[in-house]
Amino acid sequence: MTDEQQDFSPIEETREDLLREAEHLLQDAGRGKTLEEAGPPRSILVFSLGTEWYAVDLAHVKKVLLATPFARVPGAPPEVMGLMNSQGEVLCVLDLRKILGVHAGAKDGSTEKRFVVVMHHGGKDAGILVDGVDDAWEIPASEVLPPLESLEPSRARFFEGTVSRAGRFVGLLSATMCLNP
Amino acid sequence: MNVLVVDDGTTLRGYDCRDVLNVEEIEAPIDMAENDRFLVHLGRAGCHREIRCREVVGFFPLSAREIRPVPPVLRERMTGEVPWAVGVTDRGLCLLF
């Protein structure tokens, strides 16, 4: 065995293999693509639900409002929080926690210090209640990776992808799936 | 149109005054578990029904300017009785049935 071979332990070899495989996976997911291949940059609005971070494409965001008490709707499914009057426009507000099955940092139905992100898609408007709104990010399309494979299929259908940036792991939501039952 | 607005404890409901036959006050139950204090008798074209409510807010004239369609996102999700519109009143949003 040569000195060079002795320096290269089996553990390091395994790590090298793993890193190589990870690099391939990232390239497959789009990180390695050029801007032309990946598409134009995307603007997303990042917000929080408890300790988790989510985002929606800004193209589907009409406005962000401070939440006010909702008019409850008897007989509506649990994900419907109620109706809200936004400058004369009646909005249906949905509980994203119920839609996604998120329990982290669950708040009761109170609207205090919370926000409603008003989304528009396919001719329909609806608000989603969130705990906090962080910022709008402009990201290269290549930074949007596929949704985590570990997500349950029932939950995964609500995600377009994931974005990892500034030490945060952000779930990019699909407006279509969020607004349709 | 004139609307009778009632509060069922969670939401405001509005009914076309022409459908309201009469409003009856219910005797307070001994155990006080029941919060509904009024019974609204509704009837149109031989179809009668009763609505229990906590409070009768009053009669409100609603013009087209104060009436909004039910948001499609809500309509698509409803399985029970769907309001035909939403009224915007001083007391808040009122579901019109």
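Below, chains carry the letters A, B, ... as their sequence lines are ordered, and counting in each starts from 1.
If you measure heavy-atom distances from B:Arg13 to chain A, the contacts under 4.5 Å come from the side chain alone. Both the backbone and the side chain of B:Leu74 come within contact range of chain A, each with at least one heavy atom under 4.5 Å from a heavy atom of that chain. If you measure heavy-atom distances from A:Val90 to chain B, the contacts under 4.5 Å come from both the backbone and the side chain.
With contacts defined as side-chain heavy-atom distances shorter than 4.5 Å, the pair B:Val5/B:Arg91 does not qualify.
Rounded to the nearest 0.5 Å, atoms CG (A:Leu94) and CD1 (A:Ile99) are 4.5 Å apart.
Considering all non-hydrogen atoms of both residues, B:Ala64 and B:Arg68 come closest at O-NH1, 4.4 Å.
Put simply, of A:Pro69, A:Gly123, A:Pro74, A:Ala71, the one with the most heavy-atom pairs under 4.5 Å next to chain B is A:Pro74.
A salt bridge links A:Arg97 with A:Asp131: the distance from a Lys NZ or Arg NE/NH1/NH2 to an Asp or Glu carboxylate oxygen falls below 4.0 Å.
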